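Worth saying up front: this structure is predicted, and the values here are computed from it rather than measured. Every number for a ligand or one of its atoms is a count from 1 in the order of the listing.
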Amino acid sequence: MSSSHSSVDAVVVGAGFGGLYALYCLRQMGFSALCFEGGDGVGGTWYWNRYPGARCDVESLQYSYSFSPELDQEWTWSEKYSPQPEILAYANHVADRFDLRRDIRFETRVTAATFDEARALWTVETDRGDCVAARFVMMAVGCLSAANKPPFEGIEDFRGPIYHTGEWPQEGVDFTGQRVAVIGTGSSAIQSIPLIAAEAKALTVFQRTPSYTVPAYNAKLDPDYVARVKADYPALRAKARSRPTGFYFPFNAQPALEATPEERQRQYEEAWARGGLPFLGAYGDLLFNKQANDTIADFARSKIRSIVKDPGTAELLSPDNVFGCKRLCVDTDYYATFNKPHVKLVDVSKTPIERFTAEGVVVAGKTYPADAVVCATGFAAMTGSYDKMRITGRGGLTLAEKWAAGPRTYLGVASAGFPNLFMITGPGSPSVLASMIQAIEQHVDWMVDLMAHMRDTGARTFEPKVADEDAWVEHVNEVSQVSLRSTCSSWYVGANVPGRPRVFMPYIGGFPVYVQKCNEVMDTGYDGFVLD
Ligand code: N01
């Protein structure tokens with residue numbers, strides 16, 4: 001079908017895990033759909049983030065779709081935390097297996113979506129001149145997709161290549177024999193630095209804020225273990241969905257402060273030895289009680305001192321903020337990399353990067369020479385991809401105007417004034433605080449159910465009521481205060497990009513609570529929405 005001037009039930013924006021599942025479900029429910037994707041392949045995050053060491057830090061047996069028992073059985077992950085190429089291969093397999101590609105237009109970006117109130121239709125425009133009329137638009141644009149590229153002074157003078165981890169060249173990069181500068185020390189940097197260091201002649205890491213990171217202890221998956229999981233996959237999926245994070249791991253509900261210091265030490269050592277994000281499950285109160293959090297933060301800092309030989313570097317690498325407040329990182333040999341003689345850490349917390357020159361990066365008047373620069377500077381999280389499109393709702397109001405002081409949604413699925421516009425894992429939903437694929441499946445299932453309900457009842461539009469949206473925004477904000485996660489400058493609150501409003505964007509009340517709320521809304525005939 002030519003898409004230049006056509007009409008479908010739904011336009012899906014993005015062919016990552018959200019967009020692929022949306023396409024699948026729309027077809028299953030008998031809706032026509034067309035998907036636009038900026039890349040030349042499917043996979044979204046896993047298409048773009050090809051930097052060395054990129055892998056998911058939710059276990060692969062759980063970081064996968066659950067909608068198809070056949071898919072669960074036929075796909076076999078090779079490692080506990082699969083590397084990016086394998087996750088991308090999985091996305092491609094899903095696209096082929098369910099014949100999704102025929103409705104995807106690649107290398108095509110949506111530039112605008114405009115709601116026509118009289119016809120109750122969206123007009124979706126692309127950078128290739130498409131102009132598609134659709135009853136519904138499903139934004140599957142990802143939460144961490146709009147690269148944050150700080151406008152460093154003199155950046156255009158630098159004579160070498162500058163890479164962003166989130167826009168890595170498909171052909172890969174060979175740093176052998178080069179002097180490399182990495183800016184940033186979040187998850188992407190922490191995964192890539194040990195591998196870049198293994199190739200580079202010299203590596204300089206510019207750190208504004210140190211991150212806490214826990215060893216992954218990644219390993220090949222034991223086929224017997226995989227067979228046991230596959231023998232009762234639904235049980236694992238159900239256990240995962242019952243957890244606040246949407247994925248299953250051993251969790252000790254006991255408060256840290258009720259344990260003796262010796263017991264805590266033992267518990268932290270055991271949890272550290274298991275590694276990964278489940279380290280935060282060592283006690284139940286770590287994200288709610290600062291005193292409890294101090295105990296795990298002290299333990300993590302002692303680990304850094306035990307690994308990093310130079311005391312000054314160990315000190316610089318040691319965060320002094322709440323453990324787990326910023327997204328916890330998971331690594332392989334990150335701290336040990338700083339013991340290598342050709343790896344240097346530069347603190348830019350008090351003296352920011354001054355400028356780039358042809359030769360390298362300047363801090364406090366000193367030039368750090370580099371042949372290549374890697375910006376591991378993260379993303380304009382949650383709303384960045386929406387900002388790139390001109391989305392115009394009722395009365396000519398744009399979404400950017402409506403969200404100028406922070407995103408406003410009901411349940412993170414839709415925003416008043418923008419009828420029939422779905423946001424998959426939108427701000428105000430658990431999204432990045434849940435296992436993303438489980439969050440995507442729950443959202444899309446709920447959305448297509450609403451579309452089918454509208455078809456059955458003859459409704460043309462759905463739209464949140466302003467009062468319910470306001471109450472939800474208030475609730476999202478209120479529950480965020482209960483957690484220590486709201487207390488630091490993280491991308492969860494938009495603090496990593498200057499000028500963005502500071503609002504805690506994901507819903508932190510827990511995945512099961514959120515799912516229950518969505519189901520209640522559905523069961524009450526979509527309470528909080530106007531169906532017209
Ligand atoms: O980005 P980040 P990321 N000058 O925002 C620094 C997911 N993810 O791509 O902290 C100097 O975390 C910035 O400093 P500060 C995961 O959810 C998952 O690493 O703002 N430095 C920070 O150190 C993750 O949390 C996986 O002070 C500047 C870094 O750049 C999210 O994606 C893997 C700067 C950015 O860190 C984002 O991770 C990778 C400046 N002007 C990512 N501007 C897995 O599943 C920014 N920084 C494994």
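Less than 4.0 angstrom separates some heavy atom of P150 from each of these atoms of ligand 1: 41 (N), 43 (N). If you number the atoms of ligand 1 from 1 as listed, the ones under 4.0 Å from a heavy atom of T185 come out as 22 (C), 23 (O), 29 (C). Against a heavy-atom cut-off of under 4.0 Å, D57 is close to the following atoms of ligand 1: 44 (C), 45 (O), 48 (C). Atoms of ligand 1 lying under 4.0 Å from at least one heavy atom of C56, given by number and element, are 45 (O). If you number the atoms of ligand 1 from 1 as listed, the ones under 4.0 Å from a heavy atom of I183 come out as 11 (C), 21 (N). Remark: ligand 1 atoms within the under-4.0 Å shell around heavy atoms of R55 are 44 (C), 45 (O), 48 (C). Atoms of ligand 1 lying under 4.0 Å from any heavy atom of Y51, numbered from 1 in the order shown and given with element: 33 (C), 39 (C).
How far SG of C56 is from CE of M436: 10.5 Å, rounded to the nearest 0.5 Å. If you take CH2 on W48 and CH2 on W168, they are separated by 14.5 Å, rounding to the nearest 0.5 Å. Within the model, atoms CZ of R237 and OG of S435 stand 8.5 Å from one another, a figure rounded to the nearest 0.5 Å.
By the 4.0 Å heavy-atom criterion, K326 is counted among the residues contacting ligand 1. Contact analysis leaves V330 out of contact with ligand 1, as no non-hydrogen atom separation drops below 4.0 angstrom. Using 4.0 Å as the threshold, F206 has no heavy atom nearer than that to any atom of ligand 1. A heavy-atom separation below 4.0 Å is found between L144 and ligand 1. Taking a 4.0 Å cut-off on heavy atoms, Y81 fails to register as neighbouring ligand 1.
Using a distance-only test at 3.5 Å, with no hydrogens or angles considered, a donor-acceptor pair links the side chain of E354 to the main chain of A364.
The closest heavy-atom contact to atom 3 (P) of ligand 1, among the options G186, A381, S188, comes from S188. With C488, G184, A376 as candidates, the residue nearest to atom 35 (C) of ligand 1 on a non-hydrogen basis is A376. For the residues Y492, W491, W46, the heavy atom positioned nearest atom 37 (C) of ligand 1 is part of W491. Ranked by closest heavy atom to atom 4 (N) of ligand 1, the top entry among Y63, F379, F152 is F152.
Both tests hold for R50 against Y47: distance to the six-membered ring centre under 6.0 Å, angle to the ring axis within 45°.
Ring planes of Y24 and F98: perpendicular class, angle over 60° (limits at 30 and 60°). Ring-plane geometry between Y514 and W472 is classed as tilted, the angle between the planes lying from 30 to 60 degrees on a 0 to 90 degree scale. Using a 30° and 60° split on the angle between ring planes, F17 and Y90 fall in the parallel class, below 30°. Below 30°, between 30° and 60°, or above 60°: for F356 and F152 the angle between ring planes is below 30°, a parallel geometry.
For R208, a nitrogen or oxygen atom sits less than 3.5 Å from a nitrogen or oxygen atom of ligand 1, counting backbone and side chain alike.
Under the 3.5 Å distance criterion, with hydrogens and angles disregarded, a donor-acceptor pair is assigned to the side chains of S66 and E441. Residues R301 and Y212 have side chains that bring a donor and an acceptor to within less than 3.5 angstrom of each other. Between the side chains of Y21 and H443, not a single donor N or O lies within less than 3.5 Å of an accepting N or O.
Here the heavy atom of the protein found nearest to atom 18 (C) of ligand 1 is R327 NH2, 4.0 Å. Protein heavy atom closest to atom 27 (O) of ligand 1, with residue, atom name and distance, is T209 OG1, 2.5 Å. Shortest contact from atom 1 (O) of ligand 1 to any protein heavy atom: G378 CA, 3.1 Å.
Between F323 and F279, the ring center distance clears the sub-6.0 Å criterion.
Of the heavy atoms in S187, both backbone and side-chain atoms come closer than 4.0 Å to ligand 1.
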